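Below, read A as the first sequence line, B as the second, and so on, with proteins coming before strands; counting in each chain starts at 1. Please read these numbers as outputs of a predicted model, since none were measured by experiment. Atom set for the values below is all heavy atoms of this structure, side chains included, hydrogens, waters and symmetry mates excluded.
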Amino acid sequence: MLGLNRKDLILFLIVVGLVVFAPFILNPFPEDSGLARFNAGYPDLMQRFVIFGIFAIGFNILFGLTGYLSFGHAAFLGIGSYAGVWMMKLLTVNIVPAIIASIVVAGVFSLVIGFICLRRSGIYFSILTLAFAQMAFALAYSVLTPITAGESGLQLSLNDPRILEAGGGSSIPAANFFGLTMRDGFEWALGGWVFTFNFGYYFCALLMLVAFYVSIRIFRSPFGMMLRAVKSNQQRMNYTGLNPKPYTLAAFVISGMYAGLAGGLMVAVDPLAGADRMFWTASGEVVLMTILGGAGTLIGPVLGAGMIKYFENIFSRLNERDLNALYDFLPDGLQGVAVSVSQMFVGDGWLLTLGLMFMLVVIFLPGGLVEGGQRVSRLFRRRKKTKTDDPEHHPQPSPHVGE
Amino acid sequence: MGILEVKDVNKRFGGLQALGDVNLSIAENSVHAIIGPNGAGKSTLLNCLVGKLIPDTGSVMFDGQSVLGRKPYEINQMGISRVFQTPEIFGDLTVFENVLIPCFAKRDGAFRMHAYEPMLAERDLVAEAEAMLDEVDMLAKRDMLASYLSRGDKRRLEMAMCLVQQPKLLLLDEPTAGMSRADTNNTIDLLKQINAKRDITMVIIEHDMHVVFSLAQRITVLAQGSPLVEDAPERIKGHPKVQEAYLGHAA
Ligand SMILES: Nc1ncnc2c1ncn2[C@@H]1O[C@H](COP(=O)(O)OP(=O)(O)O)[C@@H](O)[C@H]1O
Ligand SMILES: [Mg+2]
């Protein structure tokens with residue numbers, strides 16, 4: 001179905017399920033319980049999960065398949081955002097032109113930047129992409145202020161032309177999808193729980209599912225196989241009559257367009273674009289997401305993006321009271337110890353947690369969280385099976401692409 | 001005029017004259033062996049043929065066209081495939097994918113975006129790749145990652161990747177090094193079969209004299225970057241110059 005094999009289809013349907021029911025899944029704790037602060041089911045954060053999911057899925061098409069580590073992908077995110085806001089200023093606050101423009105403009109930029117950066121490989125490629133991104137960041141702050149509004153950030157204003165829209169009105173119209181306002185939604189109180197359903201989230205989620213589907217198709221296509229060949233052995237490609245460059249450039253442009261889409265969605269749910277979106281830390285973040293989740297796997301980048309955004313938004317806000325609630329089940333003395341130890345890792349210490357986790361994953365699970373999941377499931381499967389292992393020593397089956 | 005004409009090729013690495021005035025003419029559909037001691041410049045010569053190195057002087061004509069100044073992938077598209085001294089395969093891909101890639105390369109040229117169709121929907125290419133794997137007796141290892149193969153299997157896989165392209169000229173750089181006796185004999189049989197079945201020219205560099213004398217119709221002896229003699233195998237065996245430079249003592 002859908003041109004996917006059974007395994008991919010199941011994976012895709014699981015992701016569909018998770019995304020659709022995210023407002024429930026991310027809100028496991030009742031509103032008035034002490035653990036409610038661990039809930040992540042509010043629109044702002046859920047939108048970020050799927051938007052950064054798209055960013056990381058695209059980045060993975062370049063890095064996971066071809067092995068080219070771009071350190072400047074946030075530039076395309078930023079460019080996409082600026083293009084999106086301009087469309088909303090010039091044409092209409094309907095987000096469709098904004099999103100199309102953000103994809104196209106980011107694609108054009110990535111074609112040019114990719115063409116130049118791909119003259120080198122390895123660390124030189126990474127440095128070149130980093131240089132371009134920092135250049136874009138600096139330009140957005142200085143010379144290009146008329147286009148980017150510099151430090152204040154580019155935003156909508158009452159006297160924007162918006163030529164596709166009927167004039168008048170005393171306030172800036174809200175970003176919408178043919179009338180469906182992005183920030184609208186409804187809440188559903190159920191027992192002690194309150195679940196929020198937000199249009200902006202579901203719109204982004206739908207596009208993430210499309211992006212995810214396209215990435216599965218790319219992974220499984222001959223084109224995807226060529227990209228893995230680029231990573232594996234460019235020399236052999238050359239002596240097989242294949243020029244690796246156009247394949248790599250195509251992957252670069254595709255991942256740039258994914259970044260542009262993510263940038264466009266960011267302004268669709270919150271019409272504001274700032275240069276800090278292109279800062280090098282933002283480029284580094286998507287690298288972390290992809291590696292943490294599992295580079296070269298289908299679902300890994302999405303998991304990584306979710307993980308990092310959860311830490312950034314939830315862990316960073318936890319305080320002593322939340323920890324006390326978490327450790328409530330422990331006896332008093334132990335509770336105090338546990339809370340004071342954990343305090344180092346939350347609040348301002350969330351980066352420490354993230355750093356440690358990243359180190360542990362890279363050292364013990366080079367395949368990222370996906371490899372962790374595979375190991376756990378293999379453990380269970382082995383326990384179920386009675387000794388059926390054949391006596392021959394086969395090499396450990398290593399995770400093949402996209403598992 | 002042969003399918004491959006090498007004229008006055010020189011190549012220096014710093015002070016080292018790796019190739020000195022190499023002249024070589026290789027007849028179409030023949031099997032031509034190049035032998036010579038280690039460091040004689042055999043691999044360097046092949047590198048000059050496939051575009052990995054550019055000779056300092058001289059010309060290399062293949063099928064009436066010069067290969068010099070062309071990119072390696074363009075030279076391959078002219079019909080030259082090469083098996084390397086250390087196997088060059090796609091280690092992170094399965095054995096099957098390794099053979100499938102040359103099938104795609106042959107059909108589509110350098111670049112075609114077929115991102116929209118599942119890989120395995122290409123029935124004819126899949127069948128072709130599997131037939132090739134069967135021919136080299138590796139179908140059982142179809143789904144193994146290529147980097148897990150034994151050294152001998154890697155060589156055979158690389159040979160399959162080259163053969164499935166149906167090149168006009170196949171260059172083999174020590175194709176049986178690291179293979180067991182049985183595997184070596186299988187390889188000899190395979191190459192003999194291929195040569196009988198298809199229009200293919202082979203240039204084979206080999207240390208194993210058993211392989212050379214079972215396959216080659218002409219032999220060139222290279223020593224210190226220059227061809228010493230070129231002749232039919234029977235006469236190379238007894239040639240005094242060859243025994244002095246290469247075999248060391250009377251056979
Ligand atoms: N890329 C290179 N740079 C410098 N010297 C090289 C290079 N390739 C080969 N050589 C030297 O050229 C000589 C011939 O090497 P090679 O062609 O590999 O010999 P062989 O006949 O054993 O294949 C050797 O002395 C080798 O060290
Ligand atoms: Mg050699």
Side-chain angles (χ1 to χ4, degrees), chain A residues 1-9 61 64-67 213-251 253-254 295-296 367 392-403, chain B residues 46 50-52 71-84 86-94 96-122 125 141 143-149 158 161-162 164-165 167 171:
Chain A
M1 211 177 90
L2 292 170
L4 304 181
N5 66 29
R6 221 180 91 86
K7 221 170 137 189
D8 294 342
L9 187 65
I61 291 175
L65 289 180
T66 71
Y213 173 74
V214 171
S215 115
I216 300 181
R217 289 297 296 263
I218 289 178
F219 267 61
R220 297 293 182 246
S221 70
F223 172 65
M225 178 172 65
M226 292 303 173
L227 296 182
R228 283 184 286 132
V230 169
K231 180 178 183 176
S232 188
N233 192 339
Q234 291 203 31
Q235 167 123 319
R236 179 33 87 193
M237 264 188 108
N238 268 311
Y239 294 108
T240 308
L242 296 163
N243 181 4
K245 181 99 180 267
Y247 290 99
T248 323
L249 184 60
V253 173
I254 291 171
E392 263 185 274
H393 280 294
H394 282 299
Q396 273 274 322
S398 81
H400 189 42
V401 57
E403 285 194 48
Chain B
L46 289 200
V50 297
K52 191 173 181 184
K71 300 262 169 53
Y73 63 87
E74 292 167 335
I75 295 176
N76 175 275
Q77 287 165 7
M78 293 169 76
I80 303 183
S81 285
R82 173 174 180 188
V83 172
F84 283 80
T86 40
E88 292 281 356
I89 54 176
F90 301 112
D92 308 328
L93 273 58
T94 65
F96 170 66
E97 287 169 331
N98 267 273
V99 183
L100 195 57
I101 285 178
C103 294
F104 273 109
K106 188 179 58 181
R107 194 193 63 180
D108 295 333
F111 185 64
R112 194 190 120 197
M113 289 275 289
H114 24 59
Y116 48 85
E117 61 197 15
M119 194 160 66
L120 300 180
E122 303 282 349
L125 297 187
K141 293 171 183 151
D143 294 319
M144 246 171 108
L145 287 193
S147 56
Y148 288 135
L149 293 175
E158 196 185 15
M161 292 163 72
C162 289
V164 83
Q165 288 199 298
L171 308 174

request  = Against chain A, label Lys71(B) side chain, backbone, both or neither, depending on which of its atoms sit under 4.5 Å from a heavy atom there.
outcome  = neither
key: Region of Met78(B) that comes under 4.5 Å of a non-hydrogen atom in chain A   = neither
ask   = Going by atom types alone, do Asn76(B) and Tyr239(A) pair a side-chain donor with an acceptor below 3.5 Å?
value = no
For Glu74(B), all residues meeting side chain to side chain donor-acceptor pair (under 3.5 Å), sequence neighbours excluded = none
ask   = Does Phe96(B) have any ring pair (Phe, Tyr, Trp, His ring centres under 6.0 Å) partners at least two apart in sequence or in another chain, and if so, which?
value = none
query = Any salt bridge between Glu158(B) and Arg236(A), counting N to O under 4.0 Å?
reply = yes
task = Identify which part of Ile75(B) has an atom lying under 4.5 Å from any heavy atom of chain A, answering side chain, backbone, both or neither.
result = neither
